[in-house]
Structure formats: C-alpha cells, structure tokens
Amino acid sequence: MLSRSALIYLSRHEGLKEFAAHFRLFKKLTTRFVAGETIDEAVAAIKELNAEGCTASFDHLNESVASPAEAEAEVKEYLEILARIDETGIKSNVSIKLTQFGLELDPELAYKNARVIVADAARRGNFVRVDMEASSVTQLTIDIFKRLRAEFGLNDVGIVLQSYLRRTYDDAQELLKLPARIRICKGAYNEPPEVAFPDKKDTDANYIRVMQLLLSSGVYHGIATHDPKMIDATIEFANREGIGKDAFEFQMLYGVRRDLQRQLAKDGYNMRVYVPYGKHWYPYFMRRLAERPANVWFVLKNLLKG
Ligand SMILES: Cc1cc2nc3c(=O)[nH]c(=O)nc-3n(C[C@H](O)[C@H](O)[C@H](O)COP(=O)(O)OP(=O)(O)OC[C@H]3O[C@@H](n4cnc5c(N)ncnc54)[C@H](O)[C@@H]3O)c2cc1C
C-alpha cells in the first residue's frame, strides 16, 4: 500500500502527471477534487455551491513557480478571478500561495506580487487568504503576511496555521495580537519530527487547543477540516461558550465530504468550500490521495477498469 509520505513524495514529481494523464479515467477522477482547468469551470462549480448555501474560496493551482514571469502570470490570473467574482456576483474570496508568487525565487518579489492582489481585493471589498505551505517557508509566510496586515485591514487579508506544527499555538497567540483572521487546518506536507508532531493524536489535540483559542478571540476565523471529531468539538465548544454560528466559518475542500458540507450549511453554519482549478492539478491531487489512502484504491480500481 502506498503510504502518506510516498504519495506526498510522488506529488512533487510532475513527470508522473504526464504518464497518469494518458488514462482518460484519471482525468475524470481528478475532477472530483479539482473544479476544472479554467476560471469559467471554477465559476460554474462555485455557482452550484452557492446554490447549496456554501460560499467558496478560489485557488488557482500552481505552486513553486520557476521564474518571475511565471509569478507575474499568476498575479494576472488572480486579478482576473477577482474581477470575475464581481462580474458574476458569486460568493467567493480567494486563496493564494506565496510560492506561486515567487517566494522561493525572492521573498520581496512574492511580497510585492501578493500586495497587488490584496490591494485589488481590498478595493473590491473582497478577502485574500494566504495559504500555509511547507515548514521551510512558515516564518517567511508569516513575515510577509504581517507586512500586508500592517497596511491592509482585518477583513482584507488573513493567514493559515497548521496544527501539526509544534510552533502553531504560539504563532496563533502572536497573530491574534494584530489581530488577524486565521484558518486553522491540520497541515498537508511531510515534516520532520523536530518541527511537527509525528503522532496524529497530538496534531488533533493541538487543533482543538488552537480552535478554542481562535473562537474565544472574538475575531472571525476559519475552521478547516473534514474530521467529524474536530467539527463536533468546535460545535460543542461554541455552544458551551455561547459563541454564535455567525462568529466563525467551517471550511472544506472541493469534493471532500460533500454530504457534510451540505449538512452543516443546512444546520445554519457558515460553510466555505476551497475550490481549486487550473492546469497544474497534479501535486494538489496527490496530496488529497495522501490524506485518505482509501482514495488510492478508488483511483487504482477505476484505472484498472478503464
Ligand atoms: C479549506 C481548507 C484549506 C486548507 N488549506 C491548507 C493550507 O493552507 N495548508 C496546508 O498545509 N493544508 C491545508 N489544508 C489541508 C489540511 O491541512 C489537511 O491536509 C486536510 O484538510 C485533511 O485533514 P482533515 O482535517 O480533514 O483531517 P484528517 O484527519 O486528514 O481526516 C479526517 C477525516 O476526514 C475525511 N477526509 C479527509 N481528507 C479526505 C480526502 N482527501 N478525501 C476523502 N475524505 C477525506 C475522512 O473521513 C477522514 O477520516 C486545507 C484544508 C481545507 C479543508
């Protein structure tokens, strides 16, 4: 059986995508987790989500760009997304990755590129979420976020923290002083035990600690998980502390636990779905398989059948 770390390793080898893409069925399967390759396809997916009572966050898939020109193309894409959100009236904000804007080439370039997007979103009354990537760029990401937050408002730009990192509770406390809107998730990368809890139990316990800190802060945060245990703990804590349903939002990934997404929206919770689209779907797709080995069997079975 392919392990989580093997799948995350494979996610960094785009060459395999070429091989996999030969199977028509593989592409069909990816559409379960990826809303398509174009903005139009993502807009159509978001319209459906909106009709089910869910809001969305656009994610143009492209990590670790190789040149400043590629980073600039990402900026153009996001400006286009923000314009399309306004034109179509869909309920969506945007999520960005700083490596997409050149973080690994030059942090200053990534800051300048991200700033263009946040300025445009702020002008339009929209919101930019800065995703969190591997631990090699955690501090850089927080530093750039703080610069953006110093210039723009609480409701213009937010950040993500990962509960598998040992440092996260302290980071949350620091960021709440700004204050900042935070999305808490478990974390999706391969990390060494020095920086991340090797044991899932500790990641989950930390998730609950951070969730409680966030909900008690009076700031609107995102509780991103498909884990019923984390969701129940959030609802239970909110009820116990008299925190209203409109004081936070749940967030899930496109195509994952759609039943639960609809149920929470029906129960009156704010539910935001992260909607990835674009040609560079391969690493994202492989990380989703890594999260749930049962999905690997699902893919393999269908490939064999096809
Ligand atoms: C909105 C959103 C934004 C995110 N942003 C980031 C980010 O910026 N940085 C980052 O590192 N990570 C991010 N992630 C990913 C996150 O870190 C986890 O890898 C992912 O959410 C799986 O963790 P979980 O909380 O769902 O719990 P897990 O413990 O992984 O899973 C709990 C249960 O959820 C269900 N489930 C989980 N994943 C899947 C799947 N792929 N397919 C089917 N069922 C599944 C299963 O029933 C599973 O038993 C984000 C996740 C969400 C929902």
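Numbering of residues begins at 1 and proceeds along the displayed sequence. Computation of the quantities below employed the complete heavy-atom set of this structure, encompassing side-chain atoms and omitting hydrogens, waters and symmetry-equivalent molecules. When a ligand or atom number is given, it counts from 1 through the structure's own listing order.
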closest protein heavy atom to atom 1 (C) of ligand 1 is Q251 CB, 3.6 Å
Counting only heavy atoms closer than 4.0 Å, does ligand 1 sit against the backbone of Q162, its side chain, both, or neither?
side chain
With a 4.0 Å cut-off, strictly under, does atom 4 (C) of ligand 1 pick up any protein heavy atom?
yes
Backbone, side chain, both or neither: what part of V256 comes under 4.0 angstrom of ligand 1, heavy atoms only?
side chain
The atoms of ligand 1 lying under 4.0 Å from a heavy atom of Y189, numbered in the order shown, are 11 (O)
Could R240 and E236 be called an ion pair, given the rule that one side-chain N must be under 4.0 Å from one carboxylate O?
yes
Report the part of R183 (side chain from C-beta onward, or backbone N, CA, C, O) that has a heavy atom under 4.0 Å from ligand 1; answer both or neither where that applies.
side chain
Evaluate the ring planes of Y277 and F58, with Trp represented by its six-membered ring, and classify them as parallel (under 30°), tilted (30 to 60°) or perpendicular (over 60°).
perpendicular
Within this structure, what is the OH-CD distance for the pair Y269 and E249, rounded to the nearest 0.5 Å?
14.0 Å
I want to check a possible cation-pi pair here: R272 against Y274, using under 6.0 Å from ring centre and within 45° of the ring axis as the test.
no
I need the nearest protein heavy-atom contact for atom 25 (O) of ligand 1: residue, atom name and distance, please.
T225 OG1, 2.6 Å
Any atom of ligand 1 sitting under 4.0 Å from a heavy atom of M230?
no
In terms of residue, atom name and distance, what is the protein heavy atom nearest to atom 28 (P) of ligand 1?
K186 NZ, 3.6 Å
When you look at NZ of K245, are more than 12 heavy atoms from neighbouring residues, nucleotides or ligands closer to it than 6.0 Å?
yes
Heavy-atom nearest option to atom 17 (O) of ligand 1, drawn from S57, A134, A56, G187
G187
Ignoring angles and geometry beyond distance, decide whether H226 reaches within less than 3.5 Å of ligand 1 through its nitrogen or oxygen atoms.
yes
In this structure, are over 12 heavy atoms from other groups packed under 6.0 Å from E52 atom CD?
yes
Measuring from the heavy atoms of K200, does anything fall under 4.0 Å of ligand 1?
yes
Any Lys/Arg nitrogen of K186 or D204 sitting under 4.0 Å from an Asp/Glu carboxylate oxygen of the other?
yes
In ligand 1, which numbered atoms sit nearer than 4.0 Å to a non-hydrogen atom of D131?
8 (O)
Count the heavy atoms belonging to other residues, nucleotides or ligands that lie under 6.0 Å from CD of E41, then report whether that count exceeds 12.
yes
